[in-house]
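First up is the structure itself, then whatever we jot down about it.
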2 protein chains.
Amino acid sequence: MNKKIELSKPALNRKAKRQTKLDAILRHAAKAFMENGYYKTSLDDIAKLHNVTKPTLYYYVKNKEDILIKCEDVASKRINGLLDEVTATDENGFLQLKKFIVGYVEIVTDDIIRCHIRHRGQRENSDAREASLNMHRGIEHRVREIIRQGVKDGSIKSCNSTIIAILLFDALNGISAWYRNEGELNHEDLVGQVLLLVTDGLRK
Amino acid sequence: MNKKIELSKPALNRKAKRQTKLDAILRHAAKAFMENGYYKTSLDDIAKLHNVTKPTLYYYVKNKEDILIKCEDVASKRINGLLDEVTATDENGFLQLKKFIVGYVEIVTDDIIRCHIRHRGQRENSDAREASLNMHRGIEHRVREIIRQGVKDGSIKSCNSTIIAILLFDALNGISAWYRNEGELNHEDLVGQVLLLVTDGLRK
DNA sequence: AGTTTAAGTTACTCATGGGTAACAATATAG
DNA sequence: CTATATTGTTACCCATGAGTAACTTAAACT
């Protein structure tokens, strides 16, 4: 028994270490992609950020595009996780949508998510492109459903939920392109203005 | 006199023809860039679309990036032209903003404009990048001013005009990525939903 | 007419960068 | 303490694609 523990410990450590390194590579890559764009960032650049050489990357990642796919995976899980949280409550549609917006603005400052938002739709492999599209449609569909439910329960104005969901995502995703957490504009003000626009509109 | 006219006519024809061809190249390039992205579109591809060979393009365009710059030029003129129109009236800020939104959604379906929106910020040359940023700031500033004026004259809710202008552009520019004029969703419905969201918000 | 300018072609150069093969070092297992 | 899987390296290959040089054809002006 004692032996078993001693034997399994390093093995777990190994897997964990590997995962940690993969995560770090993803973070480094995502940051570089956001700063310079996918095509202007070479695998050598990414390797350098990680203090390894290019071939080492291929031990963690299938190829360059695979980095984007793995980022998408992370993004998909976080966004769907948020949607799980939001839709778990029995609040009305409007309040659920509001919660989603607040959570999404939080999520959208993460480099991996930003990278995914910016580079989704750039998949070269057609299967990967299809998968990416599907996962995106899935998320959009869930938000659309929240809106639809809100219209039904009377908390949201009657509207074309499809278009509204897309417009909402356009605005929120746009944030990922310019917003920096470190900057002078704080998070609460940003969320406040987004909610002002989305819930009550601009007309006085 | 008769002679003079005969002499100047072909010269004008030449310049006009040249301009026409440049426009066509820009359109072809912009369309290809939108379909496949800037880096996945080679100059050979663009040349082929125009039934010429690659070196011929260099007769009309300085280099690949110059295509983006020329697209930006077209875009800048059209958007600023719209803003000129909109701000020429003495209507209140809200109505001016509404007019701008309607006009912008119209503009945003043009391939050259779409290309510019998608690829702005990808300039490799640092001077070009700076110029691009400045022109974009200029436009954003003008919209911000409209909003500010609206707040002043009481037609728009009190808000952070900087953030709101950015969010508005995020949503509108997002449209350029997915909206096709030919599709089942007609222009009026789209504009209607945008205005619903922006002017009155979703909360019932 | 003949000369010049515009417009276009073929055939290259050359840097970049994704991806791989073969080899080296290090940690884990027995 | 050796055998083996895990990580990593150096040194390459090779496709792609931007940009250019030198040459040809077509149009336009005097």
Side-chain angles (χ1 to χ4, degrees), chain A residues 2-25 28-29 32-33 36-70 119 122-125 128, chain B residues 1-26 28-29 32-33 36-70 119 122-125 128:
Chain A
N2 209 337
K3 199 182 172 186
K4 218 175 185 177
I5 290 174
E6 277 177 14
L7 278 173
S8 59
K9 222 180 180 180
L12 282 174
N13 240 348
R14 211 124 134 176
K15 257 194 181 168
K17 249 184 182 171
R18 190 189 163 80
Q19 185 60 44
T20 306
K21 284 195 182 171
L22 175 61
D23 286 350
I25 288 171
H28 280 133
F33 288 162
N36 306 112
Y38 181 70
Y39 291 99
K40 273 185 280 185
T41 306
S42 72
L43 289 175
D44 281 316
D45 291 338
I46 297 171
K48 215 168 277 168
L49 285 175
H50 207 61
N51 289 319
V52 292
T53 55
K54 178 174 59 171
T56 304
L57 296 182
Y58 281 84
Y59 188 73
Y60 294 94
V61 150
K62 227 176 68 210
N63 50 38
K64 195 180 184 184
E65 182 161 22
D66 192 38
I67 298 176
L68 292 185
I69 293 172
K70 284 187 163 52
H119 295 99
Q122 298 204 7
R123 283 326 150 273
E124 322 214 7
N125 179 291
Chain B
M1 194 173 165
N2 209 337
K3 198 181 172 186
K4 218 175 184 175
I5 290 170
E6 277 176 15
L7 278 171
S8 57
K9 222 178 177 180
L12 282 173
N13 240 347
R14 207 123 138 180
K15 258 192 178 166
K17 250 184 182 168
R18 191 187 163 81
Q19 185 60 43
T20 306
K21 284 195 181 170
L22 175 61
D23 287 349
I25 287 171
L26 250 47
H28 280 134
F33 288 162
N36 309 109
Y38 182 70
Y39 290 99
K40 274 186 278 183
T41 306
S42 72
L43 288 176
D44 281 317
D45 292 338
I46 298 170
K48 217 167 276 169
L49 285 175
H50 206 62
N51 288 319
V52 291
T53 55
K54 179 173 57 172
T56 304
L57 295 182
Y58 282 85
Y59 187 73
Y60 294 93
V61 151
K62 229 174 67 208
N63 51 40
K64 195 180 184 184
E65 183 162 22
D66 192 37
I67 297 176
L68 292 185
I69 294 173
K70 283 186 163 51
H119 295 99
Q122 298 204 8
R123 284 326 148 275
E124 322 214 5
N125 178 291

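Within every chain, numbering begins at 1; the chains are lettered A, B, ... in the order of the sequence lines, protein sequences first and strands thereafter. Basis for what follows: all heavy atoms, side chains included, without hydrogens, waters or symmetry-related copies.
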### Query
Quick one: B:Lys17 NZ to D:dA27 P, roughly how many Å, whole number?
8 Å

### Message
With a 4.0 Å limit, can you tell me whether B:Tyr59 has a side-chain N or O closer than that to the phosphate oxygens OP1/OP2 of C:dG8?
### Response
no

### Query
In whole angstrom, what separates B:Leu68's CG from D:dA18's P?
12 Å

### Query
Has B:Lys40 got more than 12 heavy atoms of other residues, nucleotides or ligands less than 6.0 Å from its NZ?
yes

### Query
Rounded to the Å, how far apart are B:Ile25 CD1 and C:dA7 P?
11 Å

### Message
Is there a side-chain contact between A:Thr56 and the phosphate of D:dT7, meaning an N or O under 4.0 Å from OP1 or OP2?
### Response
no

### Short side-chain N/O contact from A:Ser42 to OP1 or OP2 of C:dT16, under 4.0 Å
no

### Task
Tell whether A:Lys54 reaches the base of C:dG17 with its side chain through a donor-acceptor pair below 3.5 angstrom.
no

### Query
Does a nitrogen or oxygen in the side chain of B:Tyr60 sit under 4.0 Å from OP1 or OP2 of C:dG8?
yes

### Query
With side chains defined as the heavy atoms from C-beta onward, is the minimum distance between A:Ile25 and A:Leu49 less than 4.5 Å?
no

### Query
Between B:Thr53 and C:dG8, does any side-chain N or O lie under 4.0 Å from OP1 or OP2?
no

### Query
With respect to the phosphate group of D:dT6, does any side-chain polar atom (N or O) of A:Arg18 fall under 4.0 Å of OP1 or OP2?
no

### Message
Can you confirm whether more than 12 heavy atoms, excluding those of B:Lys48, are under 6.0 Å from its NZ atom?
### Response
no

#### Entry: Rounded distance (Å) that lies between atom P of C:dA6 and atom CG of B:Leu22
16 Å

### Query
Between B:His119 and B:Tyr38, how do the two ring planes meet: parallel, tilted or perpendicular, split at 30° and 60°?
tilted

### Task
Please state how far atom CG in A:Leu57 lies from atom C1' in C:dG19, giving the value in whole angstrom units.
12 Å

### Task
Would you please confirm or rule out a distance under 4.0 Å between OP1 or OP2 of D:dA5 and any side-chain N or O of A:Lys15?
no

### Task
Could you tell me the separation between the CD atom of B:Glu124 and the C1' atom of D:dA18, rounded to a whole number of Å?
11 Å

### Message
Do A:Ser42 and A:Asp45 pair up side chain to side chain, a donor and an acceptor below 3.5 Å, judged on atom types alone?
### Response
yes

### Message
From CD1 of B:Ile46 over to P of D:dG19, roughly how many Å is that when rounded to an integer?
### Response
11 Å

### Message
Does a side-chain N or O of A:Lys21 approach OP1 or OP2 of D:dT7 to a distance below 4.0 Å, or not?
### Response
no

### Message
Let's see if you can work this out: which of C:dT20, C:dA7, D:dG19 has an atom nearest to the side-chain heavy atoms of A:Pro55?
### Response
C:dT20

### Message
In whole Å, I'd like the distance from the OH atom of B:Tyr58 to the P atom of D:dT20.
### Response
7 Å

